Amino acid sequence: MKKSLDNPTILSPDDAGLYIANISRRAFIKNFALTGFVLAAGFPSLSGADETAAPSEKGKYGADAMPHGWVDNPLVFVAIAEDGTVTIVCHRSEMGQGVRTSLPMVVADELEANWLHVRVEQATGDESRYGNQDTDGSRSMRHFFMPMRRVGAAARSMLESAAAAQWQVPVQEVRAELHQVLHPATGRTLGYGQLAKVAAKLPVPDRETLRLKKPAEFRYISKGRLGIYDGQDIVTGQAQYGIDTRLDDMLYAVVARPPVFGGKVLSYDAKDALKLPGVVKVVELPSSPLPAGFNPLGGIAVIARNTWAAIQGRKALKIEWNNGPHGTYDSLMYKAELEAAARKPGKVVRNEGDVDAALQGAVKRLEAEYYAPHLAQAPMEPPAATARIVKGKCEIWTCTQAPQASRDSVAKWLKLPEDDVTVHVTLLGGGFGRKSIPDYVIEAALLSQAMNGKPVKLTWTREDDLHHSYFHTVSVERLEAGLDAQGKPVAWLHRTVAPTISSTFGPDSKHQMPIELGMGVINAPFAIANLRIENPEAEAHTRIGWFRSVSNIPHAFAIQSFVAELAATAGRDPKDFLLELIGPPQRIDPSTLGDSWNYGESPEAYPLDTGRLRRVIETVARETGWGRTLPKGGGLGLAAHYSFVTYVAVVVEVAVNGDGELSIPRIDVAVDCGPQVNPERIRSQIEGACIMGISLATLGEISFKEGAVVQDNFHAYQLTRMDDAPREIRVHLLPATEFDAPLGGVGEPGVPPIAPALCNAIFAATGQRIRQLPIRDQLRKA
Amino acid sequence: MITLNINGKPRQIDLPTDTPLLWALRDYLGLTGTKFGCGMALCGACTVHLDGEPARACVTPISAAVGKKIVTIEAIGQDATGQKVQDAWLTLSVPQCGYCQSGQIMAATALLKQNPKPSDADIDKAMSGNICRCGTYPRIRAAIKQAAGSTERKS
């Protein structure tokens, strides 16, 4: 087992000297409260997203293209108390990816701060002050690595200047090192706490003049030596999630929402509910007009003295619903509709050569349809939010990936100016895209308003979470290809049919957006002369939202399964066949593939580099021992996928016994995400992505009947557990050549290649091809 | 009014006797380390110890906990095994979001107290009632083995 954590640089118990656990910060918080900020905030922020900061003449990319861009003002992000405690603000939401460790760690490194004297403070939702806070798209580190380095370097420079002034020596003669400034010529030192007051009054240096560390000077970056910042609180039950908020005189609420999307309350009777002990009030929340947007669904809320009483009260409600236009939504029928659409021509979104002629002339042809169902994110902490309104000012405490959108939405619904809404961001007990949408935050604010501003905590039960998510789309992917006499693909036709996320925000949206097509389908990097990609229409009947890695899941499942099917048809080794299909190493401008999006990144800085794609495939094949002999019932399956400007290749090893029972002894993953800021958390994200990928491939399905979600709780919406999890996961991080190379995403790109690698392994083991997810009991012998 | 022995102290609780222990802990006593995940004993996030046995607080009425020693995540570190488990969790950086880890630690501690050297199959059996959506299972397994192997407290 130790091998699954094979990570020479980190956290081995025998290596205690390398493990830096920031566990004494509770004491610092106390001191901090006594001494207060010295290097203080309050300056107007130096936002990088203005016209002058635009980095490219062709347009804006990366953080520059995000709402409110980036900020690199040290006075916004760093405070130093007289006792030396360095407070670093984390403005992105922590949901397990480790951002509250990794981003402050970047600041601390450039600042030469001692991590044991660093405390992290979570920003409220305030993008004009902090820059973009939407914690999604695998981009916190990609967009804020450089701004956070500059924050740390600027603060370090100010401390050095303050020390030089006090000693009356040229600033070139001093240097900051581990929480103090040294004057080597005289051996004098001054601690950061001693310097903070003076340093805070110095001008912030121009970003062009900052001296950033060379990679060899990094203390924390790229080392993976830090324990996670919130670790001690987590293992002692002290960590505060959204659902844990407690305020004086707080009331507790749950809401009965329309079972069918677009439904409304016809009538209700709350008499029995109000008789129950602890139930305080029953409140009707209005339904919202379609499209859904971020709006709450409406329904009947029960407000009580505790969560259990509210849940009991909700059970006692008698509600008559009007199900509205989606009351007939049925997953089985919808699948047939998607299949029918996929069998007819649709909107052409990329077209090269003459696919029809090439198919006609092909020696062998293969066609296949792949189905991937709706999924729910199902974070272990369901959505929850607490709201309080005092003297016209609303305060929110919630687990959100979208602090600013939460603030804007609450302001809009309560008709308050934005300045009168404060959103405190707690830890998130998982997010996976669900908590990017603040419908539940708005609900909490409306309930507090209905209680004259009293604090109300709204909790979603697991049933609420599974019934009323913004679901991962459902899709049919139809692929057709022709091979020539040598088994080489000469034609490729892909029809992708799936309801789009844009249907949640605009009426009559039936085609996938560029960002959805850009998730692996339009930008398939294959060297095939005749290639056409079509996107027939699909109508949405529920709220479609974001699920970790989004449309990459169905796209990678279909494409990487189909490539392996083609290899089998051609009688070729799947790895060799895939590498040939990708062709020689080249750096492709994504726009030449019809991909105008490229995860919002510049095509110059982030070309689609087939050399990197090849390298992860070659690496994972070597590390897993591709072609190794396996016991009877064993099989290896390969898949590779580019997403979130990161390259991932996976080999899954399966064992299928005589009864068709599947187990997964081992997964190897090779990841090229560019420079690795916190390799330890990258490994943990990739390990987690493997398990989420296995979970969705083997068990994951949300289905609808008569408009409503069928699955109520974890007995029906099953997730992979310890006994069915891969026994061993080996993560192989490809070394980046230089640290100034652009960073790739980490949180999401591990997920997409898992399902196809698993299904390819099952094919290798059994000869059975899985084209419909989830696998569930498809392998079982009767 | 019901009196429960929670983390070594008697606590008075004025709630209907069918109220699940989970909500008495979280909402009435403010012990929010015990988590809500499903309400049906399906995910293990609410695992506490009743007389040393792991129990799902979300389906345990407070009436059924009367007279038993209830231990929650907030106090498990006072137990030598619990402390070892917490140390192993930190050393191997097990948590991602951390939400399920209260329950995981309670389940792992109960396992190790009954079976100090669990096999992989023992770990599967004891831990498969606890869902981790982030997918920390391989590290949980490794941490349990480390805690089982460690003979003294690490600081």
Side-chain angles (χ1 to χ4, degrees), chain A residues 1-2 4-5 11 13 16 19 21 95-98 227-228 230-232 234-241 243-244 246 252 277 306-308 311 378-382 427-430 432 459 461-462 680 684-685 687-692 695 713-715 719-723 725-726 728-729, chain B residues 15-16 19-20 22-24 26-28 30-40 42-43 45 72-74 76-77 85-86 88-93 95-102 105 120 123-125 127-142 145-146 150 154:
Chain A
M1 253 338 283
K2 200 123 193 309
S4 72
L5 296 166
L11 302 182
Y19 173 66
M95 49 191 173
Q97 81 280 43
I228 54 174
D230 295 297
Q232 180 75 15
I234 287 169
V235 303
T236 55
Q238 302 301 314
Q240 293 290 302
Y241 299 85
I243 205 171
D244 297 331
R246 290 174 64 80
Y252 298 78
N306 62 68
T307 314
W308 177 247
I311 292 171
M380 289 313 294
E381 177 198 32
L427 291 176
L428 282 65
F432 314 119
T459 298
T461 62
R462 182 57 58 194
E680 193 283 320
S684 72
Q685 281 296 285
E687 291 162 12
C690 287
I691 288 168
M692 187 168 276
S695 189
N713 209 315
F714 290 133
H715 58 289
L719 302 173
T720 293
R721 294 166 182 271
M722 174 74 92
D723 52 353
E728 190 177 6
I729 299 173
Chain B
L15 288 173
T19 305
L22 171 68
W23 300 111
R26 290 182 54 81
D27 293 354
Y28 195 85
L31 293 170
T32 55
T34 304
K35 299 306 186 198
F36 168 66
C38 69
M40 293 175 68
L42 297 166
C43 78
T72 70
I73 185 70
E74 284 89 351
I76 199 66
V85 170
Q86 288 173 328
W89 247 245
L90 286 175
T91 319
L92 294 178
S93 277
Q96 289 185 34
C97 87
Y99 189 80
C100 75
Q101 300 297 346
S102 297
I105 287 169
D120 277 326
I123 293 173
D124 281 346
K125 193 158 175 249
M127 301 303 294
S128 287
N130 291 69
I131 297 174
C132 173
R133 186 62 161 147
C134 297
T136 62
Y137 301 126
R139 293 201 193 199
I140 289 173
R141 185 186 300 278
K145 290 182 178 180
Q146 181 177 309
S150 64
K154 287 196 175 65

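Since the model is a prediction, treat every value here as computed from it, not as a measurement. Per chain, numbering begins at 1; letters A, B, ... match sequence-line order.
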Non-hydrogen atoms of chain B under 4.5 Å away: do they reach the side chain of A:L719, the backbone, both or neither?
side chain
Checking heavy atoms, do the side chain of B:Y28, its backbone, both or neither come under 4.5 Å from chain A?
backbone
Decide yes or no for B:T32 and A:Q240: does some side-chain heavy atom of the first lie under 4.5 Å from some side-chain heavy atom of the second?
yes
Answer yes or no: is there a side-chain heavy-atom contact under 4.5 Å between B:T136 and A:E687?
no
Check whether B:P95 gets within reach of chain A through its side chain, its backbone, both or neither, counting any heavy atom under 4.5 Å.
both
State, with a plain yes or no, whether a side-chain heavy atom of A:Q232 is found less than 4.5 Å away from one of B:L90.
yes
Determine the minimum heavy-atom distance between A:V235 and B:W89, stating which atoms define it.
CG1-CB, 3.8 Å
Structural part of B:I105 lying under 4.5 Å from a heavy atom of chain A
side chain
Based on non-hydrogen pairs under 4.5 Å, which of B:C132, B:S102, B:G30, B:C43 is most in contact with chain A?
B:G30
Any idea which of B:G98, B:S128, B:G77, B:G129 has the most non-hydrogen atom pairs under 4.5 angstrom with chain A?
B:S128
Whether A:R462 side chain and B:G37 backbone form a donor-acceptor pair below 3.5 Å
yes
Is B:L15 in contact with chain A via its backbone, its side chain, both, or neither, using a 4.5 Å heavy-atom distance?
side chain
Hey, could you give me the CE/CG distance between A:M722 and B:D120, rounded to the nearest 0.5 Å?
9.0 Å
For a 4.5 angstrom cut-off between non-hydrogen side-chain atoms, does B:P16 reach A:W308?
no
Would you say the side-chain atoms of B:Y99 pair up with the backbone N or O of A:Y241, donor to acceptor, closer than 3.5 Å?
no
Between B:R133 and A:F432, which heavy-atom pair has the shortest distance, and what is it?
CG-CE1, 3.3 Å
Heaviest contributor of heavy-atom pairs below 4.5 Å to chain B, chosen from A:A378, A:P277, A:G98, A:C690, is A:A378
In terms of heavy-atom pairs under 4.5 Å with chain B, the winner among A:G430, A:G429, A:S684, A:G237 is A:S684
Evaluate the side-chain proximity of B:R26 to A:R246: yes if any heavy-atom separation is below 4.5 Å, no if none is.
no
Less than 4.5 Å apart, any side-chain heavy atom of B:C38 and any of A:H715?
no
Do B:C97 and A:E381 have side-chain heavy atoms sitting under 4.5 Å apart?
no
Pick one of side chain, backbone, both or neither for A:M95, based on which atoms fall under 4.5 Å of a heavy atom in chain B.
backbone
Let me confirm one number: the OG1-CD1 distance from A:T720 to B:I131, rounded to the nearest 0.5 Å.
9.5 Å
B:E74, part contacting chain A, at a heavy-atom distance under 4.5 Å:
both
Any side-chain heavy atom of A:D244 within less than 4.5 Å of one from B:K35?
yes
